[in-house]
A.B. asks: 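First the structure, then my questions, so here it is.
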Amino acid sequence: MARRPILATDALQENPPQAAISPERVDPEALLAWYDRHRRRLPWRALPGESADPYHVFLSEIMLQQTTVAAVQPYFAAFLARWPTVEDLAAASLEEVLAAWAGLGYYARARNLHACARAVSERHGGRFPSEEAALLELPGIGPYTAAAIASIAYDRPAAPVDGNWERVLSRLFAVEEPLPKARPLFRRLALDILPARRHGDFAQGVMDLGATICTPRRPACTLCPWQRPCRARIAGTQDLYPRKAAKAERPTRRGVAFLVMRPDGAVLARSRPEKGLLGGMTEVPSTSWTTDGPVAPERDAPLDAQWTVLNARVGHVFSHFALELALWRTTVPDGTPAPPGHRWVRSGDVAGEAFPSVMRKVLEHRQ
DNA sequence: GACACGTGGTT
DNA sequence: TAACCAAGTGT
C-alpha cells in the first residue's frame, strides 16, 4: 500500500485512537481567542476575516520550509513584485527563478516551485486546488504544505504540522517518542484537536504560539492559552520536549576553487548538475569536495595558467557537511575562450547570476 | 526509514 | 564558539 499522510478526512471516519492522552481537554477556542489578540502581522497573511490568496500562501509556505520568517520576507516581496500571479511564475524561465532564489538555500524548492506553478497553470487552470489530496500531487508540496494551503487559503480542516506544532504538541501531551519517529503520532494528535471552525486561523495560531510562546528554550508558559492542560508545564519538564534522536555528526570536506579572471572583470563560471547539492546553480569551477581534500588540484583546473594560491580560505556550512575551500586565482587575457562547459560572467552580471551563498563568498576574493 | 538538501541568526 | 534552530520534501 502506498504511503500516504493521514488526512483530516481520515480522522472523521475512524474511531478516536486514544491511549494515555486526553486531547478533549485541549480547547481550540482558547487558542483562537489568543490568536485574535496576538496574531503576527506577516506580508503573506490576509487581514482578519479576509481570505488569503492561495498563491501568496503557496509562495510563502515553500519559502518558509526550514527557513526563518526574517530570511523569507525580502524574497517573498521580490517574487511577488516580479511574478504577481501563479501564471506569471509559470511563464518565467527556470533560470530566472533560480537566480531570484539564490541565497535562500534548499534550491530544489525553487525548481519545484517553478514546476508546481506550471502544473497549477496547466492542470488546474491557474487555480490552486483546495483539496489536500490534490495539492499533494503537485511538485514540492508535501503533507505539511498541502495542509497549510488547504487550511490557510481555503479554511479547510487540515493540520499543517510543522516544527512549531510538533513542539507545542510534544509539550501539551508530554510525548516521549523522539523525532522523527514521532511524526505520525503528532499528526494524529493534531487532527484530534482541530476546531470545528476557523481552520486557517487555528493552523496559524498554533504556529504563532510555537514561535512566540512555546519556544524551544525558556517557553513563556505563563502567557500560554493552553497552560492548564499542558502535561509538560504541569510537570515542569518543558525543556525536555520535543525529544529528538541524536543527529549525525557533520564532517568537513575540502576542495580548491579556481578564480579565473579577465582583465575586464569577467569571471569564469559553470552550471552545476540539475540534481543534488546546489542543483542547477552557478558556480566557480573547483575540484571535487572530499574529506581528504584534492591531491593534485591542477589536474582539475579548468585551464592551464600561472596560479596564485591565496592565503584566504572560504568556509561554509551546509546541512550535512562543512566545506573548506582553498582559492587559486589567475588572470587570463581578454578574448580567452571559455573552456567547454564553462562561460564568462561579466562583472555586472554577477549579482543577477544564480550564485549560491557559498559561491558569493568565493567571489569576494576576485579583486 | 534514513539521509540529502542551505543559510543565517541565536545562544 | 560550537551547537542549535527555522512554517519540510524527495528519494
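Order of the sequence lines sets the chain letters (A, B, ...), proteins ahead of strands, with each chain counted from 1. On a predicted model such as this, the values are computed, not experimentally measured, just so you know.
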A.B. asks: Sugar-phosphate means primed atoms, P, OP1 and OP2; the rest is base. With that split, encode nucleotides 2-11 of chain B 5' to 3' as B, S or - using protein heavy atoms under 4.0 Å.
C.D. replies: --SBBBS--S

A.B. asks: Between A:E324 and A:R253, does any NZ, NE, NH1 or NH2 come within less than 4.0 Å of an OD or OE carboxylate oxygen?
C.D. replies: no

A.B. asks: Classify A:R40 by what it touches in the nucleic acid, base, sugar-phosphate, or nothing, heavy-atom distance under 4.0 Å.
C.D. replies: base

A.B. asks: Roughly how many Å apart are B:dG8 and C:dT9, using the P atom of each and rounding to a whole number?
C.D. replies: 22 Å

A.B. asks: Taking the six-membered ring for Trp, are A:F318 and A:H320 closer than 6.0 Å centroid to centroid?
C.D. replies: no

A.B. asks: Indicate, with a heavy-atom threshold strictly under 4.0 Å, whether A:L113 touches base, sugar-phosphate, or nothing.
C.D. replies: nothing

A.B. asks: Name the nucleic acid region contacted by A:R167, choosing base, sugar-phosphate or nothing; use a 4.0 angstrom heavy-atom cut-off, strictly under.
C.D. replies: sugar-phosphate

A.B. asks: At 4.0 Å (heavy atoms only), tell me whether A:V72 reaches a base, stays on the sugar-phosphate, or touches nothing.
C.D. replies: nothing

A.B. asks: Between A:L185 (CG) and B:dG1 (C1'), how many Å, whole number?
C.D. replies: 17 Å

A.B. asks: Rounded off to whole Å, could you give me the CZ-to-P distance for the A:F76 and C:dA7 pair?
C.D. replies: 18 Å

A.B. asks: When you compare B:dT10 with C:dA7, how far apart are their P atoms, in angstrom units rounded to a whole number?
C.D. replies: 15 Å

A.B. asks: Which residues pass the side chain to side chain donor-acceptor pair (under 3.5 Å) test with A:E177, not counting sequence neighbours?
C.D. replies: none

A.B. asks: On a whole-Å scale, what distance lies between the C1' atoms belonging to C:dG8 and B:dG1?
C.D. replies: 16 Å

A.B. asks: Could you check how far CD1 of A:I152 sits from P of C:dA7, rounded to whole Å?
C.D. replies: 13 Å

A.B. asks: Considering heavy-atom distances to DNA chain C, does A:G140 or A:Q204 have its closest nucleotide positioned more toward the 5' end?
C.D. replies: A:Q204

A.B. asks: If the threshold is 4.0 Å, N to carboxylate O, is there a salt bridge linking A:D201 and A:R45?
C.D. replies: no

A.B. asks: For C:dT1 versus C:dC5, give the span between their C1' atoms, rounded off to a whole number of Å.
C.D. replies: 16 Å

A.B. asks: Less than 4.0 angstrom from a charged side-chain N to a carboxylate O is my criterion; do A:E176 and A:R243 meet it?
C.D. replies: yes

A.B. asks: Rounded to the nearest Å, what distance is computed from the CE atom of residue A:M63 to the P atom of nucleotide C:dT9?
C.D. replies: 16 Å

A.B. asks: In this structure, how many angstroms lie between the P atom of C:dG8 and the CD1 atom of A:I149, rounded?
C.D. replies: 14 Å

A.B. asks: Categorize A:S60 for me: base, sugar-phosphate, or nothing, with a 4.0 angstrom heavy-atom threshold over every strand shown.
C.D. replies: nothing

A.B. asks: Separation of A:W165 atom CH2 from C:dC5 atom C1', in whole Å?
C.D. replies: 21 Å

A.B. asks: Over all heavy atoms of both residues, which pair between A:T215 and A:R171 is shortest? Give the atoms and the distance, please.
C.D. replies: O-NH1, 2.7 Å

A.B. asks: Does A:A92 have any side chain to side chain contact (heavy atoms under 4.5 Å, CB included) partners at least two apart in sequence or in another chain, and if so, which?
C.D. replies: A:W83, A:E96, A:V97

A.B. asks: How many Å lie between CG on A:L179 and P on C:dG8, as a whole number?
C.D. replies: 12 Å

A.B. asks: Could you give the NZ-to-C1' distance, from A:K244 to B:dG1, as a whole number of Å?
C.D. replies: 18 Å

A.B. asks: If the threshold is 4.0 Å, N to carboxylate O, is there a salt bridge linking A:D192 and A:R187?
C.D. replies: no

A.B. asks: Taking the C1' atom in each of C:dA6 and B:dC5, what is the distance between them to the nearest angstrom?
C.D. replies: 15 Å

A.B. asks: So what does A:W44 hit on the nucleic acid, given a heavy-atom distance under 4.0 Å: a base, only sugar-phosphate, or nothing?
C.D. replies: base

A.B. asks: With a non-hydrogen cut-off below 4.0 angstrom, is A:P160 in contact with a base, only sugar-phosphate, or nothing?
C.D. replies: nothing

